J.: 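The following block contains the structure, expressed as structure tokens.
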Amino acid sequence: MSTVRVRVAPSPTGAPHVGTAYIALFNLAFARRHGGQFLLRIEDTDQTRSLKAHEDRLISALRWLGLDWDEGPDVGGDCGPYRQSERLDIYRRHADQLLATGHAYHSFATAAELASWRAEGQAAGVPAPFAVERDGDPAAGRARAATGEPYVVRMKMPLEGTCVIEDMLRDAPISIDYAGLDDQVLLKSDGFPTYHLAVVVDDHLMGITHVIRGEEWINSTPKHMLLYDWLGWDAPKHAHLPLLLNPDRSKLSKRRNPTSIDYYRRAGYLPVALLNYLALMAYPPAAGADGAEQEKEPFDDFVGRFDLARISLGGSVFDVEKLNWLNGRYLREDLTPQQLLQALRDWALNDDFLAQIMPLMQPRMETLGDLMPKCVFFFSRNVEAKLEDLLPKGRQAEDVAAMLQTVVWSLETVVPWQRDAIEVAVKRTGEFWDWPIRDITRPLYTAIMGQPVGPPLYESIVLLDVDLTRMRLLAAIEVLGGVSKKKAKKLEKDWAS
RNA sequence: GCUCCCAUCGUCUAACGGUUAGGACACCAGAUUUUCAUUCUGGCGACCGGGGUUCAACUCCCCGUGGGAGUACCA
């Protein structure tokens with residue numbers, strides 16, 4: 001049997017997500033367990049959302065966790081490039097091959113046409129009918145494309161038949177009828193591939209033997225199997241992991257919870273604990289000698305007993321309380337006081353970080369002893385904002401909560417995280433509400449610092465960093481009574497316009 | 001709507017036909033600690049429902065129900 005090769009393939013479209021770490025963790029464990037290789041591939045095929053800044057943060061976050069890869073964009077390897085935006089010609093070549101063999105076709109349909117086809121399909125309880133284009137003359141399609149008219153390349157899905165997927169985590173194979181599937185776009189009009197084309201081509205070219213990914217991909221696996229077949233390749237084995245969930249059991253999202261790896265880093269969690277907790281999310285703890293279970297288990301020990309088939313299939317609610325408990329145990333049990341001090345230095349108690357605080361605090365001090373009380377919030381996991389401090393004179397809690405929500409949205413667009421851009425984002429919400437800036441900043445001071453007074457706001461937000469800032473704003477919104485789902489929806493609409 | 005996945009305490013899970021259904025987080029009591037935290041002890045608390053199969057079902061099968069995901073020129 002050939003060497004095990006697995007990968008994690010995140011797309012750099014936002015903050016590094018704990019879900020990515022979770023998937024990476026199981027891939028790495030599988031690779032280590034079988035003496036194989038683990039690769040990192042950047043799936044930056046969405047030109048409108050992918051950012052190099054996000055990729056940099058992602059790599060830094062995964063490195064911090066110690067989820068190291070054997071091949072990747074930053075370390076190279078024999079199967080590069082490992083960034084999909086640098087492999088465009090490869091995808092085009094394979095798309096051409098599928099066009100030539102009649103498995104794909106040029107599509108020129110407008111958005112309006114597609115919408116009407118979909119509506120038609122919906123009404124009949126079937127996927128959108130693409131017959132108009134898919135059965136046309138291939139040469140005509142090619143000629144039309146050559147004129148420079150924008151087009152996409154679509155898969156010609158079989159109208160009948162069933163795809164049987166063997167999933168390593170499940171006893172019974174998964175069967176999905178081809179008839180229920182859309183003619184998937186493979187090549188977009190900007191010349192970039194979609195996920196479906198790129199993932200199959202790359203996994204094959206990079207020698208991936210096992211695709212271990214999130215459960216949200218099950219439904220598109222038949223498309224991938226078809227592609228392997230059409231291209232004349234053997235498909236890798238598949239394993240679809242259960243999803244990480246919000247407390248309300250929906251797919252883990254940043255809407256109300258911290259989902260960025262950087263949040264946990266900045267809030268003071270230890271990588272070993274986060275990793276341990278993530279493993280526990282889908283894998284039973286080791287049995288101890290006395291029958292009790294050993295929940296605390298560093299990654300290297302976990303690898304030694306890892307067996308893909310033992311992964312539990314139900315989605316898991318991410319429980320910060322339990323993470324806190326585990327993190328506390330590592331902090332107390334595994335670190336000498338010296339090591340604890342070092343961990344603190346690596347985190348925030350270092351000259352580099354403190355030096356940035358000095359200019360903010362110096363004008364506000366009479367004795368050296370005034371420093372810490374006035375800037376504890378930089379070193380705290382969270383602060384407790386009091387309701388009365390969050391309310392500017394004459395404002396209702398409900399309105400202030402809504403206002404803070406728009407600040408959260410406004411701040412989301414700030415990349416990279418810099419002072420002036422933050423100020424612009426905050427002022428923009430001021431204009432939106434047509435409130436004096438004071439009524440915006442007072443709640444902000446309180447949310448960020450726990451009290452309505454403190455060092456300069458924008459500079460402080462920069463140092464607090466994006467994830468901690470976001471969570472403090474969300475916490476303040478809760479103190480104010482929250483923003484109802486219905487209201488948030490309307491607000492989001494108004495805000496977007 | 002259609003397709004697929006999943007289903008044990010509030011949460012994470014053990015059990016792989018025969019157990020008083022075990023452990024962990026959280027919570028509640030008590031002990032230790034000058035305080036707090038830690039630590040220790042105890043408590044609360046679950047097999048989604050209905051049919052089968054079997055001497056015996058949490059466990060196997062079927063049907064419901066519930067939850068989730070997918071259904072994009074996003075991944």
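Predicted model, so just to flag it, every value in this text is computed and none were measured. So you know, we letter chains A, B, ... as the sequences are listed, proteins then strands, and number each from 1.
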J.: Side chain of A/Pro284: nearest nucleotide among B/C4, B/A26, B/U13?
T.: B/U13

J.: Looking at B/A24, does its base get a donor-acceptor pair with the side chain of A/Lys322 below 3.5 Å?
T.: yes

J.: Any strand is fair game: report the nucleotide pairing with B/C25 by Watson-Crick or G-U wobble, both distances under 3.5 Å, or none.
T.: B/G10

J.: Just say parallel, tilted or perpendicular for the rings of A/His106 and A/Phe108, cut-offs at 30° and 60°.
T.: parallel

J.: If you look at every strand shown and take non-hydrogen atoms under 4.0 Å, does A/Arg49 touch a base, only sugar-phosphate, or nothing?
T.: base

J.: Would you say the side chain of A/Ser189 and the base of B/C73 hold a donor-acceptor pair, judged only by whether the two atoms sit under 3.5 Å apart?
T.: yes

J.: Taking atom P of B/U71 as reference, at what distance in whole Å does atom CG of A/Asp183 sit?
T.: 15 Å

J.: Of the candidate nucleotides B/C73, B/C5, B/C6, which contains the atom at the shortest distance from the side chain of A/Glu215?
T.: B/C5

J.: Under 4.0 Å between any heavy atoms, over every strand shown, what does A/Thr45 touch: base, sugar-phosphate, or nothing? Just pick one.
T.: sugar-phosphate

J.: Classify A/Val152 by what it touches in the nucleic acid, base, sugar-phosphate, or nothing, heavy-atom distance under 4.0 Å.
T.: base

J.: What's the closest nucleotide to the side chain of A/Glu43 if the choices are B/C12, B/A75, B/G23?
T.: B/A75

J.: When you measure from the centre of the six-membered ring of A/Trp69, is the NZ or CZ of A/Arg63 closer than 6.0 Å and no more than 45° off the axis?
T.: yes

